Amino acid sequence: MKRYGNFTAVDGVTLRVREGEFFGFLGPNGAGKTTTINAIVGLARKSAGKIAIFGYDNERQWREARRFVGLSPQEFNFDRYLSLRDVLIFAAGYYGIRGKEVVERADMLLERFGLTSHAHLEYTKISGGQKRRLSLARALIHEPRLLILDEPTAGVDVELRLELWRWLRELNQEGLTIFLTTHYLEEAERLCRRIAIIRGGRIVTEKPTEELVAEGESLQDVFLELMRH
Ligand code: ATP
């Protein structure tokens, strides 16, 4: 549970994401998705409740728990004066990881996400789509086991969206657990094996995607129906 003053933003949310799963966390604007994510990664202190990440309590054992999680947040929060390569190297330092291996991993991620030719540029000099890719690379720099994506394809063109989907599928096939928040219901339908929907801070459904979609013609129908009640 998370309260901001008298306002309860998230209440009674119980979720279990299995290792290796591609999990979708959907809901309308203001439903409590980012608040939940912030509580998971320790950016917001929950008012009540318990969160365990691969068995580690995210408050009492925050060091271990934090190490397992990579977050690509909804809003870009890069240091504007760093080059793309340094964004990644500094992010690794935050987890206490330094040295040659980090530089190699940063270069590998820049290559994987098509950013090598821009590696020396400052973050302010790249496009929105490149920032999305950089955000994904940064979330992966410390080799997390859980990747949390808060609207990872917001504002990207159709080609890059397809490419991001391909990368995310690949990462999931490599064993990474993925927790995705998105307003693109088609994206969730295509990528996620299980979906939870939150409204007004409470979970209204949590099911395998196939079951959820079978309740209407598309995930969008089911979503809109749930929002009506
Ligand atoms: P969106 O899809 O628009 O990003 P969301 O589901 O991520 O929405 P949250 O950002 O979690 O929604 O917000 C949930 C509710 O909590 C909103 O009513 C918001 O105004 C409120 N809220 C979020 N952060 C704070 C804060 N720091 N102080 C007060 N209220 C907040």
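Note that this is a predicted model, so its numbers are computed, not measured. Order of appearance sets the numbers: ligands from 1, and atoms from 1 within every ligand.
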Quick one: table the atom pairs, ligand 1 N or O against protein N or O, below 3.5 Å, distance rounded to 0.1 Å.
| unit_1 | atom_1 | unit_2 | atom_2 | d |
| --- | --- | --- | --- | --- |
| ligand 1 | 2 (O) | N29 | ND2 | 3.3 |
| ligand 1 | 2 (O) | K33 | NZ | 2.8 |
| ligand 1 | 2 (O) | H183 | NE2 | 2.8 |
| ligand 1 | 3 (O) | N29 | ND2 | 2.8 |
| ligand 1 | 3 (O) | G30 | N | 3.4 |
| ligand 1 | 4 (O) | Q74 | OE1 | 3.3 |
| ligand 1 | 4 (O) | Q74 | NE2 | 3.2 |
| ligand 1 | 6 (O) | A31 | N | 3.1 |
| ligand 1 | 6 (O) | G32 | N | 2.9 |
| ligand 1 | 6 (O) | K33 | N | 2.8 |
| ligand 1 | 6 (O) | K33 | NZ | 2.8 |
| ligand 1 | 7 (O) | T34 | N | 2.8 |
| ligand 1 | 7 (O) | T34 | OG1 | 2.8 |
| ligand 1 | 8 (O) | G30 | N | 2.7 |
| ligand 1 | 11 (O) | T34 | N | 3.4 |
| ligand 1 | 11 (O) | T35 | N | 2.8 |
| ligand 1 | 11 (O) | T35 | OG1 | 2.5 |
| ligand 1 | 12 (O) | G32 | N | 3.3 |
| ligand 1 | 24 (N) | Y4 | OH | 3.3 |

Audit row: I97, I141, side-chain contact (heavy atoms from CB on, under 4.5 Å) steps and yes/no = CA-CA 9 Å; I97 315 166; I141 191 69; over 6 Å; no
message = Under the rule for salt bridge (Lys or Arg N to Asp or Glu O under 4.0 Å), what residues qualify as partners of R202, not counting sequence neighbours?
response = D11
task = Determine the minimum heavy-atom distance between R66 and Y95, stating which atoms define it.
result = O-CE2, 3.7 Å
note = Only one of T36, I197, I195, T182 passes side-chain contact (heavy atoms from CB on, under 4.5 Å) with F25, and that residue is T36
message = Under a 4.0 Å threshold between the charged nitrogen and the carboxylate oxygen, would E186 count as salt-bridged to R161?
response = no
inquiry  = Which heavy atom of L168 sits nearest to which heavy atom of F22, and what is that distance?
reply    = O-CE1, 3.9 Å
